Amino acid sequence: MIFKHETRKLKPQKSIKIRILSVFIILISVLSFTSCSDDNKNRKTEFSGTTVNLGTHKLMAYTVSKKSKYLVVFESGHGNDHTSWYSTGRASEILSISDYLDSDVLLYDRAGYGKSEFNTEPRDINKLTSELASVIDQFANGRKVVLVGHSLGGLIIRDYAIKNPEKVAGLIFVDASHEKYNQFSQDQINTFYNTYKAAYGANSGIALETLQLIADFKYTATLPNLPDVPVIAITSMKTDTEHNAADRQLWYDSKESLKAGVTDFKQIATLKSGHFIQLEEPELVMKNIRLILSKLSV
């Protein structure tokens, strides 16, 4: 299965504004782990970030605090920095997200993306999960979190939830990757890696994460069930020249397996959006985060 490539202007330097580069790994199979953009001219007012010092490198996080009961945390997909959640392309949208949800929100850039520093250690799911944990610990202040993960971010929040069930109140999977669908050969990975290395550098987040994708899907295939918290999966069923109805059904079915052991699980299919549902139908994503929060307030 091959990826559909959606391209926007890229900025090939350390602060990679990747929003929709090449919907590649899960839209290779339906998911493009990649997205890029460089909407600097639309960002006259940048929302100030907060540094998270991991010792070996620093990450940049973006948060709004309303002192709410729960913290909503957004995890981006492969090839994406935190701006992949901004349908307007403006960093100030984080304020609108927080207002709409009436909740504290937290977004951040993984190592090698946006304003976060590089990290040359193997960027596998275990490493990405441990760094997500460090970011959450700095801002949660003992609160439980609602995790929202797009594409590869779905694997990361899934691993975090299983390792930290006592810290998780709910989960939203936005066209998330899954090992039952996403399978790549070493030749494919080599091609992807060489492409991203040439465009963004060998130490970029997208290049180093690409090297671990085969191992990542083997690892997630061994994971136990999710904790029994409210879970919503939002899945694109939109067909195109690369993804027919049968392929979309396999994509949908892979997410159905997430409901094992979960009392409150719902999968929502959309024909209106491609892989980047949060950009094409932001209201669909936001209203379902609000739904999770409403369940928790009962």
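From a predicted model like this one, the values you see are computed outputs, not experimental measurements.
A side-chain donor-acceptor contact under 3.5 Å links Ser185 to the backbone of Gln188. Of the possible polar contacts, one joining the Asp240 side chain to the His243 backbone as a donor-acceptor pair under 3.5 Å is found. Here the side chain of Ser254 pairs no donor or acceptor atom with the backbone of His178 at under 3.5 angstrom. Put simply, the side chain of Thr51 never gets that close to the backbone of Asn53: no donor and acceptor are under 3.5 Å apart. Here the side chain of Asp175 pairs no donor or acceptor atom with the backbone of Thr235 at under 3.5 angstrom. Ser151 places no side-chain N or O within 3.5 Å of a backbone atom of Gly153 that could act as its donor or acceptor partner. No side-chain donor-acceptor contact under 3.5 Å links Ser98 to the backbone of Ile94. In terms of modelled atom types and a separation under 3.5 Å, the side chain of Ser134 and the main chain of Ser130 share a donor-acceptor contact. Side chain of Glu93 to main chain of Thr88: a donor-acceptor pair is present (N/O by atom type, distance under 3.5 Å, no hydrogens or angles).
By the 6.0 Å contact criterion, NZ on Lys66 is enclosed, its count of non-hydrogen atoms from other residues, nucleotides or ligands being greater than 12.
Nearest approach of Trp251 to Ala176, heavy atoms of both residues: CH2-O, 2.9 Å. Taking all atoms of both residues into account, the shortest heavy-atom contact from Lys67 to Asp104 is N-OD1, 2.9 Å. Here the shortest heavy-atom pairing between Ala61 and Val52 reads CB-CG2, 4.1 Å. Closest non-hydrogen pair, Ile162 versus Asn225, comes out as CG1-O, 3.6 Å. Across every non-hydrogen atom of Val64 and Leu95, the tightest pair is CG2-CD2, 3.9 Å. Between Ile157 and Ile172, the shortest heavy-atom distance links the atoms CD1-O, 3.6 Å.
At a threshold of 4.0 Å, the pair Glu179-Arg158 counts as salt-bridged, since one of the basic side-chain nitrogens sits closer than that to a carboxylate oxygen. One finds a salt bridge joining Lys127 and Glu121 here, because a Lys/Arg side-chain nitrogen approaches an Asp/Glu carboxylate oxygen to under 4.0 Å. Salt bridge absent: Lys144 and Glu166 never bring a charged side-chain N and a carboxylate O closer than 4.0 Å. Look at Lys287 and Glu281 and you find no salt bridge, because none of the NZ, NE, NH1 or NH2 atoms lies under 4.0 Å from a carboxylate O. For the pair Lys115 and Asp109, the salt-bridge criterion is not met [side-chain N within less than 4.0 Å of a carboxylate O].
Test Asp81, Leu132, Ile156 against Arg110 for side-chain contact (heavy atoms from CB on, under 4.5 Å) and you get one pass: Ile156. Applying ring pair (Phe, Tyr, Trp, His ring centres under 6.0 Å) to Trp85 and the options Phe74, Tyr62, Tyr108 leaves one that passes, Phe74.
Residues meeting the side-chain hydrogen bond (donor to acceptor under 3.5 Å, both in side chains) test with Asp124, sequence neighbours left out: none.
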Under the salt bridge (Lys or Arg N to Asp or Glu O under 4.0 Å) criterion, do Lys69 and Asp102 qualify, and how do the steps go?
-> CA-CA 10 Å; Lys69 183 176 181 181; Asp102 193 27; over 6 Å; no

Begin with the C-alpha distance, continue with both residues' side-chain angles, and end with the deciding distance and a verdict on side-chain hydrogen bond (donor to acceptor under 3.5 Å, both in side chains) for Gln278 and Ser87.
-> CA-CA 7 Å; Gln278 71 271 31; Ser87 60; over 6 Å; no

Could you walk me through whether Leu296 and Ile292 pass side chain to side chain contact (heavy atoms under 4.5 Å, CB included), step by step?
-> CA-CA 6 Å; Leu296 298 174; Ile292 291 281; 4.1 Å; yes

Between Asp253 and Lys180, is a salt bridge (Lys or Arg N to Asp or Glu O under 4.0 Å) present by the stated rule, with each step listed?
-> CA-CA 9 Å; Asp253 291 345; Lys180 288 188 176 181; over 6 Å; no

Step-by-step side chain to side chain contact (heavy atoms under 4.5 Å, CB included) determination, Asp247 to Thr239 = CA-CA 9 Å; Asp247 180 76; Thr239 59; over 6 Å; no

Just do the ring pair (Phe, Tyr, Trp, His ring centres under 6.0 Å) check on His82 and Tyr113 with the steps written out, would you?
-> CA-CA 9 Å; His82 76 285; Tyr113 295 106; over 10 Å; no

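With hydrophobic clusters built from ILVMFWY side chains whose heavy atoms lie under 4.5 angstrom apart, Met237 does not share a cluster with Phe173.
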